[in-house]
Amino acid sequence: LLRDQDAGIGDPEKIGTFLRLIGLRLVNERSPKSDATVAELHRRKIIAEEEMPRDLKESIRAQTLADALVREPSQFLLTLDLISDPETYARELSTLEAAMATLARRAEAVALLAVMSTLARHAKGVGKPGPRENAALRAMKSMLDKQRLVPIATTLLVGPPHQREAARQLIVLAGSVGAAALYAARETTLDPAARATFVSVLRDAGPAGWALLSQVLPQMEVRDDAEL
């Protein structure tokens with residue numbers, strides 16, 4: 001039906017009615033496939049936002065924000081700069097945290113670094129930390145998770161060149177968690193060229209990188225440094 005609608009085949013009003021009936025049924029089905037269909041019907045304005053479950057609405061908002069941040073992060077981040085009311089700021093960060101998780105999963109390191117840099121500036125603030133500064137810090141800490149950072153670490157080792165420097169900064173910024181993500185990514189990477197980057201970034205990580213090596217080297221049988 002969606003293809004027919006796109007191609008202009010059949011009665012548009014009838015097709016729209018059928019799609020809406022299907023969408024309203026899928027709203028209650030709740031599977032990854034049905035949620036994706038409902039999201040597409042919402043994008044086409046066939047299903048209204050108020051007709052969708054709250055978590056699905058939040059997911060769509062996060063995906064939409066993630067897409068916008070990849071295209072041009074400055075527009076949203078400049079708007080975030082101007083929000084001084086702590087409650088409004090916290091609401092925006094609730095959606096932003098979910099969008100950050102999406103960016104990490106997609107390995108969109110450039111966009112994620114832009115967000116983290118803005119949050120770091122907000123967390124620093126001026127004078128005594130308040131609700132806004134604390135909210136920014138919590139959002140940053142939500143990314144200090146090894147599994148979330150593994151796609152970023154993989155991009156650092158073998159990903160697109162334009163994403164690698166941002167990925168390096170994110171991994172170093174994450175300290176011991178970033179080092180653990182980098183090691184996990186290295187274990188699953190077969191490209192020999194990844195070795196030099198792995199070693200270099202562990203050095204950049206400083207104490208966090210050396211601490212990781214001191215933990216894993218006794219468990220490994222390394223014949224030469226090329227196996228690192």
Side-chain angles (χ1 to χ4, degrees), residues 23 26-45 47-153 155 166-167 169-171 173-175 177-178 181:
L26 292 177
V27 159
N28 298 314
E29 187 172 305
R30 305 315 311 274
S31 69
K33 188 173 182 179
S34 66
D35 282 357
T37 301
V38 171
E40 176 62 20
L41 294 176
H42 172 262
R43 187 185 69 80
R44 293 170 181 254
K45 304 187 186 305
I47 297 294
E49 186 170 296
E50 58 269 17
E51 294 173 313
M52 297 189 297
R54 180 179 176 181
D55 64 320
L56 182 55
K57 286 190 286 188
E58 292 173 350
S59 174
I60 291 173
R61 288 174 189 155
Q63 297 281 348
T64 302
L65 178 55
D67 292 341
L69 289 167
V70 170
R71 287 194 304 271
E72 177 49 68
S74 63
Q75 184 174 353
F76 174 82
L77 296 177
L78 286 173
T79 301
L80 195 65
D81 278 339
L82 300 175
I83 299 175
S84 57
D85 177 65
E87 290 187 9
T88 304
Y89 186 82
R91 282 197 299 271
E92 290 296 324
L93 254 59
S94 176
T95 302
L96 181 59
E97 279 189 34
M100 290 164 66
T102 298
L103 292 174
R105 187 169 60 252
R106 296 179 185 175
E108 294 286 357
V110 172
L112 184 57
L113 179 62
V115 174
M116 292 288 279
S117 299
T118 297
L119 291 175
R121 181 162 43 81
H122 291 180
K124 186 176 181 181
V126 178
K128 185 179 179 180
R132 188 175 187 268
E133 290 76 15
N134 291 335
L137 185 59
R138 283 195 302 271
M140 290 183 68
K141 286 182 176 179
S142 73
M143 291 310 303
L144 297 181
D145 178 275
K146 185 182 84 169
Q147 292 306 318
R148 281 189 172 181
L149 288 174
V150 165
I152 296 292
T155 287
Q169 292 186 47
L170 287 167
I171 292 300
L173 178 67
V177 176

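Since this is a predicted model, take the numbers as computed values, not measurements.
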*Asks:* Under 3.5 Å, side chain of S59 to main-chain N/O of D55, donor-acceptor pair present?
*Replies:* no
*Asks:* For H122 and D81, run side chain to side chain contact (heavy atoms under 4.5 Å, CB included): C-alpha distance rounded to whole Å, both residues' side-chain angles, the deciding distance at 0.1 Å, then the answer.
*Replies:* CA-CA 8 Å; H122 291 180; D81 278 339; 2.5 Å; yes
*Asks:* How about CD on Q63, more than 12 heavy atoms from neighbouring residues, nucleotides or ligands closer than 6.0 Å, or not?
*Replies:* yes
*Asks:* For the atom pair CG (D35) and CD (E29), what is the distance rounded to the nearest 0.5 Å?
*Replies:* 9.0 Å
*Asks:* Which atom names give the shortest non-hydrogen contact between S142 and E97, and what distance separates them?
*Replies:* CB-OE1, 3.8 Å
*Asks:* Check for a donor-acceptor pair, side chain of S94 on one end and backbone N or O of A90 on the other, with a separation under 3.5 Å.
*Replies:* no
*Asks:* If the condition is salt bridge (charged side-chain N to carboxylate O under 4.0 Å, His left out), which residues does E72 pass it with, not counting sequence neighbours?
*Replies:* none
*Asks:* Kindly compute the distance separating CD (E133) from NZ (K124), expressed to the nearest 0.5 Å.
*Replies:* 12.5 Å
*Asks:* Salt-bridged, R91 to D85, with N to O below 4.0 Å?
*Replies:* no
*Asks:* How many angstroms lie between CG in L65 and OG1 in T102, if you round to the nearest 0.5 Å?
*Replies:* 9.0 Å
*Asks:* Do L93 and L119 have side chains that get closer than 4.5 Å, going by heavy atoms?
*Replies:* yes
*Asks:* H42 and A48: which non-hydrogen atoms are nearest, and at how many Å?
*Replies:* CD2-C, 4.2 Å
*Asks:* List the atom of I152, the atom of A167, and the distance in Å for their closest heavy-atom pair.
*Replies:* O-CB, 3.6 Å
*Asks:* Using the rule given for side chain to side chain contact (heavy atoms under 4.5 Å, CB included), can you reason through L96 versus L69, listing the C-alpha separation, both sets of side-chain angles and the distance that settles it, and then say yes or no?
*Replies:* CA-CA 10 Å; L96 181 59; L69 289 167; 3.9 Å; yes
*Asks:* Side chain of T88, backbone of S84: donor and acceptor closer than 3.5 Å?
*Replies:* no
*Asks:* Quick one: pull up CZ in R148 and CG in L103 and give me the separation to the nearest 0.5 Å.
*Replies:* 11.0 Å
*Asks:* Is the closest side-chain heavy-atom distance between M100 and L112 below 4.5 Å?
*Replies:* yes
*Asks:* Heavy atoms only: give me the nearest P151-Q147 pair and the separation to one decimal.
*Replies:* CD-O, 3.5 Å
*Asks:* Hey, is the main chain of Y89 close enough, under 3.5 Å, to the side chain of E92 for a donor-acceptor pair?
*Replies:* no
*Asks:* How long is the straight-line distance from CE of M116 back to CG of L170, given to the nearest 0.5 Å?
*Replies:* 6.5 Å
*Asks:* Is it the case that atom NZ in K57 sees more than 12 heavy atoms from other parts of the structure closer than 6.0 Å?
*Replies:* yes
*Asks:* Please find the pair of heavy atoms, one from G23 and one from L41, that lie closest to each other, and give the distance.
*Replies:* CA-CD1, 3.5 Å
*Asks:* List for me each residue that meets side chain to side chain donor-acceptor pair (under 3.5 Å) alongside R71, sequence neighbours excluded, and say none if there are none.
*Replies:* none
*Asks:* Nearest heavy-atom pair of R132 and I83: which atoms, and what distance?
*Replies:* NE-O, 2.7 Å
*Asks:* When rounded to the nearest 0.5 angstrom, what is the spacing between CD in E40 and CD1 in I60?
*Replies:* 10.0 Å
